Q: 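Handing you a structure now.
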Protein chains: 2
Amino acid sequence: MRVLSLTTVKRLPNYYQIIKDLHGRGREYVSCDRLAKLLGIAPGLVRKDLAEVAAKVQKVGYHVPDTLRNIQEILGMHNSKQAVLVGVGSLGQALLNYRGFDDYGFKIVAAFDTDATKAGQFIGQTEVLPVSLMPGLIRRLYVKIAVLTVPADQAKTTAAELIKAGIEAIWNFTPESLEVPSDILVRNEDLGVGLALLSYELERRIMPK
Amino acid sequence: MRVLSLTTVKRLPNYYQIIKDLHGRGREYVSCDRLAKLLGIAPGLVRKDLAEVAAKVQKVGYHVPDTLRNIQEILGMHNSKQAVLVGVGSLGQALLNYRGFDDYGFKIVAAFDTDATKAGQFIGQTEVLPVSLMPGLIRRLYVKIAVLTVPADQAKTTAAELIKAGIEAIWNFTPESLEVPSDILVRNEDLGVGLALLSYELERRIMPK
DNA sequence: TAGATTGTTAATCGATTAACAATC
DNA sequence: TAGATTGTTAATCGATTAACAATC
């Protein structure tokens with residue numbers, strides 16, 4: 001499997017969504033034209049994206065079940081991936097309840113919070129533990145992924161602790177930018193960015209020119 | 001004010017974050033080199049981004065308080081923007097509790113859910129109402145923005161109802177792609193995309209080649 | 001075969017970078 | 001002035017599109 005461009009990988013969940021839907025409705029094949037129309041992009045782009053991804057059959061299009069499987073394969077959706085979550089605020093709680101993770105093979109095995117009164121609660125399937133138990137649990141279970149949902153001012157120190165305990169990938173929901181060693185993977189997910197874009201487009205529309 | 005490229009607008013919240021922090025610590029000026037280093041991008045890009053945005057002073061850099069104000073202005077952060085939220089599941093609840101919206105002038109004035117037993121509850125500052133009251137309230141308060149956090153299978157019909165009631169911008173957290181008239185603004189925010197990217201990079205790293 | 005489809009190429013577009021010019 | 005900084009230009013890079021070739 002060749003390395004896919006990041007822009008292609010970004011679209012994979014969109015293809016996945018549509019193809020999963022078609023699969024559920026019993027469709028066997030789908031053309032790139034159809035996919036392109038549903039996603040609002042050029043058919044050629046679909047062909048390029050799926051060139052290394054889809055199970056294509058000349059004349060009838062892409063084979064739905066096989067293509068679905070290939071996307072799952074590429075994204076490692078059926079490899080189960082253990083993760084911990086740090087910071088059981090409102091966003092942390094939401095992510096603990098969010099069911100969309102299962103699809104991607106993610107399982108949050110424990111959540112941590114500095115507020116000891118939260119310890120012992122279950123949110124969704126996950127137990128909240130005091131943050132003092134964090135390094136030990138990460139080491140014991142060989143957890144490599146952490147979801148970071150602490151307040152912004154605790155982001156850097158928490159990230160440092162996580163890395164020290166053996167975490168290799170951080171999904172960062174704080175607006176802080178983290179400085180980490182180059183062998184640590186960080187993905188920033190900032191709701192503020194989406195809101196800023198919405199906000200900007202609204203401004204331009206409401207007071208045009 | 002000229003039209004900024006979307007890539008520039010996407011970085012504005014990052015500049016905002018840093019400059020706000022500098023402002024809080026009493027700094028008066030900041031150079032593009034400094035900003036570039038903190039964001040991990042080229043100094044020239046910072047200069048280009050901020051050319052139309054920042055209050056620059058030759059020889060000392062960008063004026064922190066004025067630049068902060070300009071970014072707020074461009075993003076319309078001090079215009080208060082009323083919004084409603086539909087779908088009080090786990091993600092909906094999180095967004096109702098999320099305090100980051102205030103900064104951008106967003107105020108969620110009401111939340112709606114089809115589950116009538118949720119009605120009457122307050123989540124954060126916001127009351128949950130039965131969905132039957134939605135069109136009336138949107139019209140009465142002239143609300144133009146909706147946050148869509150319903151289950152995927154209700155996304156399309158809910159969006160249609162919102163638009164019928166007068167909503168002009170939808171912040172879509174469902175994985176569905178909505179088909180809307182061209183005068184309606186939609187921003188898709190799919191956590192699955194972020195997860196897919198993290199997942200892909202992890203795969204590549206764990207089983208290299 | 002004819003026709004529907006995917007594959008591939010070259011052209012285009014836009015964003016980023018690097019280097020230097022301009023400024024105070 | 002010298003020096004620190006921003007402004008601007010041209011080169012580069014990468015993604016997308018459009019058009020056509022190849023396939024079964």
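All of these numbers come straight from a predicted model, not from anything done at the bench. First the proteins, then the strands, lettered A, B, ... as listed; each starts at 1.
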Q: Rounded to whole angstrom units, what separation is found between the CZ atom of A:Arg11 and the P atom of D:dT16?
A: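 Distance check: A:Arg11 CZ to D:dT16 P gives 4 Å.
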Q: What's the OH-C1' distance between A:Tyr15 and C:dT6, to the nearest Å?
A: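 After rounding, the reported distance stands at 13 Å.
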Q: Identify each donor-acceptor pair in which a side-chain atom of residues 189-197 of chain A lies under 3.5 Å from a protein atom, sequence neighbours left out, and give them as a table.
A:
{"residue": "A:Glu189", "atom": "OE1", "partner": "A:Trp171", "partner atom": "NE1", "Å": "2.9"}
{"residue": "A:Asp190", "atom": "OD1", "partner": "A:Gly192", "partner atom": "N", "Å": "2.8"}

Q: Ignoring hydrogens, what is the shortest heavy-atom contact between B:Gly76 and B:Lys81? Give both atom names and the distance.
A: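 Of all heavy-atom pairs spanning B:Gly76 and B:Lys81, the closest is O-NZ, 2.5 Å.
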Q: Counting heavy atoms from C-beta on, name the nucleotide in C:dT16, C:dG7, C:dT5 closest to the side chain of A:Tyr62.
A: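 Nucleotide nearest to A:Tyr62's side chain: C:dG7.
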Q: Send over the distance from B:Asp49 CG to C:dT16 C1', rounded to a whole Å.
A: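 Roughly 10 Å, once rounded to whole Å.
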Q: Quick test of your reading of the model: are B:Asp21 and B:Arg25 salt-bridged, counting only N-O distances below 4.0 Å?
A: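 Yes, B:Asp21 and B:Arg25 are salt-bridged.
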Q: Can you tell me the distance, in whole Å, between the CD atom of B:Glu52 and the P atom of D:dT6?
A: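 Taking atom P of D:dT6 as the reference, CD of B:Glu52 is at 16 Å.
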Q: Can you check the A:Leu6 CG to D:dC13 P distance for me, whole Å?
A: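 Roughly 18 Å, once rounded to whole Å.
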Q: Per the salt bridge (charged side-chain N to carboxylate O under 4.0 Å, His left out) rule, what does the pair list look like for residues 6-18 of chain A, sequence neighbours excluded?
A: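 Non-adjacent pairs meeting salt bridge (charged side-chain N to carboxylate O under 4.0 Å, His left out): A:Arg11-A:Asp49.
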Q: Of all residues at least two apart in sequence or in a different chain, which pass the side chain to side chain donor-acceptor pair (under 3.5 Å) check with A:Ser5?
A: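 A:Thr7, A:Thr8.
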Q: Who are the side-chain contact (heavy atoms from CB on, under 4.5 Å) partners of A:Glu161, not counting sequence neighbours?
A: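 Partners of A:Glu161 by the side-chain contact (heavy atoms from CB on, under 4.5 Å) criterion, ordered by chain and then number, come out as A:Met134.
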Q: Rounded to whole Å, please give me the gap between NZ in B:Lys10 and P in C:dT16.
A: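 So the two atoms are 10 Å apart, to the nearest Å.
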Q: NA contact type, B:Arg34, heavy-atom cut-off 4.0 Å: base, sugar-phosphate, or nothing?
A: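 B:Arg34: no heavy atom of the nucleic acid under 4.0 Å.
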Q: Which parts of residues 18-27 of chain B get close to DNA chain C, meaning a heavy atom less than 4.0 angstrom away?
A: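 Output list: empty, so none.
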Q: Spell out protein contact along nucleotides 17-24 of chain D as letters: B when the base is contacted, S when just the sugar-phosphate is, - when no protein heavy atom is under 4.0 Å; keep the 5' to 3' order.
A: B-B---BB
Q: At 4.0 Å (heavy atoms only), tell me whether B:Val46 reaches a base, stays on the sugar-phosphate, or touches nothing.
A: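 If one applies the 4.0 Å heavy-atom cut-off, B:Val46 turns out to touch nothing in the nucleic acid.
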Q: Side chain to side chain donor-acceptor pair (under 3.5 Å) with B:Asn97: which residues, sequence neighbours excluded?
A: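 Not a single residue meets the side chain to side chain donor-acceptor pair (under 3.5 Å) criterion with B:Asn97.
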Q: Would you please name every residue forming a side-chain contact (heavy atoms from CB on, under 4.5 Å) with B:Asp113, sequence neighbours left out?
A: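 B:Asp113: side-chain contact (heavy atoms from CB on, under 4.5 Å) contacts with B:Val88, B:Asp115, B:Lys118, B:Val128.
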Q: Which range-with-range stems can be found for DNA chain D when each stem has 3 or more Watson-Crick or G-U pairs in a row and both distances sit under 3.5 Å?
A: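 DNA chain D stems, ordered by first number: C:3-24 with D:3-24.
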Q: Please list all pairs meeting ring pair (Phe, Tyr, Trp, His ring centres under 6.0 Å) that have one or both residues in residues 138-162 of chain B, counting only residues at least two apart or in different chains.
A: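 Pairs touching residues 138-162 of chain B that pass the test: none.
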Q: Please report the distance, rounded to the nearest Å, between NE2 in B:His63 and P in D:dT6.
A: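 One finds 14 Å between P of D:dT6 and NE2 of B:His63, rounded.
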Q: Name all residues meeting the side chain to side chain donor-acceptor pair (under 3.5 Å) criterion together with B:Thr158; count only those two or more places apart in sequence or in a different chain, and write none if there are none.
A: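 Once residues adjacent in sequence are excluded, B:Thr158 has no partner under the side chain to side chain donor-acceptor pair (under 3.5 Å) criterion.
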Q: So which nucleotide from D:dT5, C:dG7, D:dA15 ends up closest to the side chain of A:Ser5?
A: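 Among the listed nucleotides, the one closest to the side chain of A:Ser5 is D:dA15.
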Q: Could you pull out all residues at least two apart from B:Arg140 that satisfy side chain to side chain donor-acceptor pair (under 3.5 Å)?
A: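 Testing B:Arg140 for side chain to side chain donor-acceptor pair (under 3.5 Å), a comparison that skips the adjacent residues, returns none.
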